[in-house]
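Below, chains carry the letters A, B, ... as their sequence lines are ordered, and counting in each starts from 1. Atoms considered below: every heavy atom in the structure, side chains included; atoms not considered: hydrogens, waters and symmetry mates. Note that the structure is predicted; figures quoted are calculated from it, not measured.
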Number of protein chains: 2
Amino acid sequence: MNEQLDTFDLRLLQELQKDGRLTNNELGERIALSPSQCSRRRTRLESEGYIRGYQANLDRQKLGLDMLVVISVTLATHNRDNARRFSQLVNGLPEVLEAYALTGEMDYHLKIATRGLAGLSRFVNDVLLPHESVQHVKTSIVLDTLKTFEGLPVPASGSSHGDSSR
Amino acid sequence: MNEQLDTFDLRLLQELQKDGRLTNNELGERIALSPSQCSRRRTRLESEGYIRGYQANLDRQKLGLDMLVVISVTLATHNRDNARRFSQLVNGLPEVLEAYALTGEMDYHLKIATRGLAGLSRFVNDVLLPHESVQHVKTSIVLDTLKTFEGLPVPASGSSHGDSSR
DNA sequence: AAATGCATGCAAGGTGCTTGCATTCTTCAT
DNA sequence: ATGAAGAATGCAAGCACCTTGCATGCATTT
């Protein structure tokens, strides 16, 4: 990996993380660069993989997904086959927003969104628990969202990391 | 709330969730609608709040954020002031990607990203634990990401929910 | 000091966005 | 049934934006 990010790149990433539909004109105004250079740098950052894509941020509540839930899952047995089966399960379930394998006593954490308690109950009792790979689940309902993902912490523009020779 | 979503709206949201920089032309091809109508519907969905914004999706690893961690936090005392102080704390910490108040024994779940174990250690020992509101934390490192958030489950296009009169 | 390699800004050709307008479709009342 | 009203649609034009070639300037190296 040879590529290095300079201050312009970092600020560009930061701005696009805040608003992914900025035009190169607007971007240029914010980071003090010409639209053409924004276009070039953006293209480079995309092809080098720093930018993985762009997504619209939808309103969960307005789509009727009023329940946000964290589920801790313990697998029945801890062999590789079981882990693979569980991975395939969660990847096929649209309610599952994120799924992580963790250190500690609980094997997995799932973040899921459903419509009401009915949807949650259906998910846990009809989908999750009956699956062969699952032994035990612990359901924690999200009461309040203190902070929601607004992007990764991009290193301060004009700091360490990366060189500033460009 | 008066607005209803028809099939076109739902598919439009779905496509924009997959690629937030789709042009109205491309969008029109995918949902079989003219670019002008895509433009109008998109504008409406934005102003009505179904679309909260657009974000670039950055590569966590390439930014050097190799540690992804879930931290369970118990507050020292369970009064409102303490909850408010804790909320202010996490909102000021860029390493904290998401923060939820949960039902169950553990009060809060934080998802954080840091550079290496050193960054994690610094975060937990120098920032989180010294804070007056925090009593106890349990740190779980993410070993594997089975599924990452790619968007909310938009109800199947051509199903229940919403009317199809438009 | 000369030369090479980049990054930059400008400008032009091409693409895409958006709004007015006429048409079609649906719905509702007579 | 029939007519009217409202809404959604596609088309087209004016406008904004994107991108690439090109010449310039800066920095580093030999």
*Please determine, for the side chain of A:Q37, which listed nucleotide (D:dT19, C:dT18, C:dT8) has the closest atom?*
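Nucleotide nearest to A:Q37's side chain: C:dT8.
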*Terminal axes of the helix from C:dA1-D:dT30 to C:dT30-D:dA1 (five pairs each): angle between them, nearest 10 degrees*: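 Rounded value for the end-axis angle: 30°.
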*asked:* Once ring pair (Phe, Tyr, Trp, His ring centres under 6.0 Å) is applied, do any residues pair with B:Y54, and if so which ones, sequence neighbours excluded?
replied: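 For B:Y54, no residue satisfies ring pair (Phe, Tyr, Trp, His ring centres under 6.0 Å) once neighbours in sequence are set aside.
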Main-chain N/O of [Y] paired with [X] side-chain donor or acceptor, under 3.5 Å:
{"X": "A:T145", "Y": "A:K147", "result": "no"}
{"X": "B:D59", "Y": "B:Q61", "result": "yes"}
{"X": "A:Q37", "Y": "A:S34", "result": "no"}
{"X": "A:D9", "Y": "A:D6", "result": "yes"}
{"X": "A:R11", "Y": "A:R30", "result": "yes"}
{"X": "A:T43", "Y": "A:S39", "result": "yes"}
{"X": "A:K62", "Y": "B:E48", "result": "yes"}
{"X": "A:Q55", "Y": "B:N57", "result": "no"}

Round to a whole Å and report the spacing from [atom1] of [X] to [atom2] of [N].
{"X": "B:R42", "N": "C:dT19", "atom1": "CZ", "atom2": "P", "result": "12 Å"}
{"X": "B:D6", "N": "C:dC25", "atom1": "CG", "atom2": "P", "result": "17 Å"}
{"X": "A:R41", "N": "D:dT19", "atom1": "CZ", "atom2": "P", "result": "16 Å"}
{"X": "A:L33", "N": "C:dA7", "atom1": "CG", "atom2": "P", "result": "12 Å"}
{"X": "A:R44", "N": "C:dC6", "atom1": "CZ", "atom2": "C1'", "result": "12 Å"}

*asked:* Using OP1 and OP2 only, check whether a side-chain N or O of A:R40 sits under 4.0 Å from D:dC18.
replied: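 No, outside the criterion.
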*asked:* Can you tell me if A:S36 touches the phosphate of D:dT19, counting only side-chain N or O atoms and a distance under 4.0 Å to OP1 or OP2?
replied: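 No, A:S36 has no side-chain N/O under 4.0 Å of OP1/OP2 on D:dT19.
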*Hey, can you pull the residues of residues 15-29 of chain B with a non-hydrogen atom under 4.0 angstrom from DNA chain D?*
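Per residue number, the list is empty: none.
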_I want to confirm an ordering. Mapping B:P35 and A:P35 to their closest nucleotides on DNA chain D, which one lands closer to the 5' end?_
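Closer to the 5' end of DNA chain D: B:P35.
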